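Worksheet: the structure to be examined is printed underneath.
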2 protein chains.
Amino acid sequence: MATPDWLPAEIRDRARLRALAAGECLFHQGDATVAIFLVETGRLQLVRHAGGARQVILHTARAGDMFAEAALFSPVYHCDAVATAASQVRVYPKRALLAALRRDPGVAARFMELLAHQVHALRARLQERDIRSARERVLHHLALAAGPDGRTVSLDGTLMDLAAEIGLTHEALYRALAALEKDGTIERTASGIALRDAV
Amino acid sequence: MATPDWLPAEIRDRARLRALAAGECLFHQGDATVAIFLVETGRLQLVRHAGGARQVILHTARAGDMFAEAALFSPVYHCDAVATAASQVRVYPKRALLAALRRDPGVAARFMELLAHQVHALRARLQERDIRSARERVLHHLALAAGPDGRTVSLDGTLMDLAAEIGLTHEALYRALAALEKDGTIERTASGIALRDAV
DNA sequence: CGAGTGATTGACTTAGATCAATGACCGTGG
DNA sequence: CCACGGTCATTGATCTAAGTCAATCACTCG
């Protein structure tokens, strides 16, 4: 699953799968960059060691997330990647990838498109965090996550995952959903959530 | 200022500057895409009209921010861009940009690099928002924003801007900074903030 | 000099985090 | 086949840190 459709078949098919135990390290800050990665299962944290003993978590990559893309343009990794749960990551060698990007403008264009969309999605998630009210934040998220009909949101993961994604505790999310359902703003079905008409 | 160094001189030099009054609209959702933009001064909001009367703010672009990059890969804009203050935006025509990206692999590589770095920065800001405590959030931000020495952070904008960037009210930021200074974790200078050694 | 903006601090309130308990469900191993 | 451990969903009670409102001071700019 989550096979990237943007990269050429010869790279996609040759990409190794690397298994990591919980706590295991995929690469260290300062290591020469050799690949970028896609999380197939599990969870990795990207951690930067700043001045002194300070550790700064830069990102938590979950199933489906690509990470270390910037490694393509840097000789060394700028953070550690540590599995915080048993994980499997797909490994895309930098050398082959760069060659493909240089050789085939179509591949390059699709990669740029992917990155541009990620930038957008991240900006939207960030803007979402500026909404303090749990209720409004949830509504904002549902409106964005709604399918083409603009109303129905299918829930694939758990509500706990959703809560983490929008930056609420799961309790706060449950309560917000319960309140929204009670006052008729949303309807909950087995497969997801439906937005009722806004007035 | 903020002149993008990644795009070829012929595009950079030919780019028009467009002035917008507060409330004026730069483009509408559904318009054919003709350009991407860089905010020189002011502030623009990107707003999507979802199902019904729902409006979702996707992003607020400030001075120095590029926006609508994804327009390069879409025939139409997927949101409105509205100036929420009198603004000036640099206009980079899509046609010329795409041609340059296709023609010159070096330009394409630098653009990919820019996008990859943006993705990183955004992920880090998002992760930062997962920190609930104002104190810890501020420390996280300072550690990341620290210069090469890992200690000193130069403040260019106002503290109010900083507060907005890290998702706190300015009062909360002032208090957090005051507390950090009182217990000796940071030192404040005219030009910025210095982190003391972590124990 | 007044108007406007930023920095700062105080007082108060509240929404969401935290802690806790319960029930449903699901796979698994004896 | 069923008891058991685990995860998820849900709700209640409580607490607190951050938001909100408000006032003051310093500073700049025309």
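Chain naming here is simple, since letters A, B, ... match the order of the sequence lines and numbering starts at 1 in each. In this text, all values refer to a predicted model and were calculated from it rather than measured experimentally.
Atom-to-atom, CD of A/E181 to C1' of D/dT11 comes out at 14 Å; the value is rounded to the nearest Å. Rounded to whole Å, the distance from CD1 on B/I193 to P on C/dA7 is 11 Å. In this structure, B/I166 atom CD1 and D/dA18 atom P are separated by 11 Å, rounded to whole Å. D/dC8 atom P lies 14 Å from atom CG of A/L155, rounded to whole Å. Here C/dT8 presents its C1' atom at 11 Å from CE of B/M160, a figure rounded to the nearest Å. Atom CD in B/E136 sits about 12 Å away from atom P in D/dA17, given to the nearest Å. The nearest whole Å value for the distance from the CG atom in A/L177 to the C1' atom in D/dT11 is 14 Å.
Note: A/H140 NE2 to A/R125 CZ = 12.5 Å, rounded to the nearest 0.5 Å. Here CG of B/L114 is found 11.0 Å from CZ of B/R110. Values are rounded to the nearest 0.5 Å.
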Using atom types as modelled, flag every donor-acceptor pair under 3.5 Å from a side chain in residues 62-73 of chain A to any protein atom, sequence neighbours excluded.
unit_1 : atom_1 : unit_2 : atom_2 : d
A/D65  : OD2    : A/R62  : N      : 2.8
A/E69  : OE1    : B/R123 : NH1    : 3.3
A/E69  : OE2    : B/R123 : NH2    : 2.8

>> Return a single string for nucleotides 9-21 of chain C, one symbol per nucleotide in 5' to 3' order, where B is base contact, S is sugar-phosphate-only contact and - is none, cutoff 4.0 angstrom on heavy atoms.
In response: BBB----SSBBB-
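Proximity of a side-chain donor or acceptor of B/R137 to a complementary backbone N or O of B/I166 within less than 3.5 Å is detected. With B/Q29 contributing its side chain and B/H49 its backbone, the two residues share a donor-acceptor pair below 3.5 Å.
When all heavy atoms are compared, the tightest approach of B/P8 to B/A100 is CG-CB, 3.9 Å.
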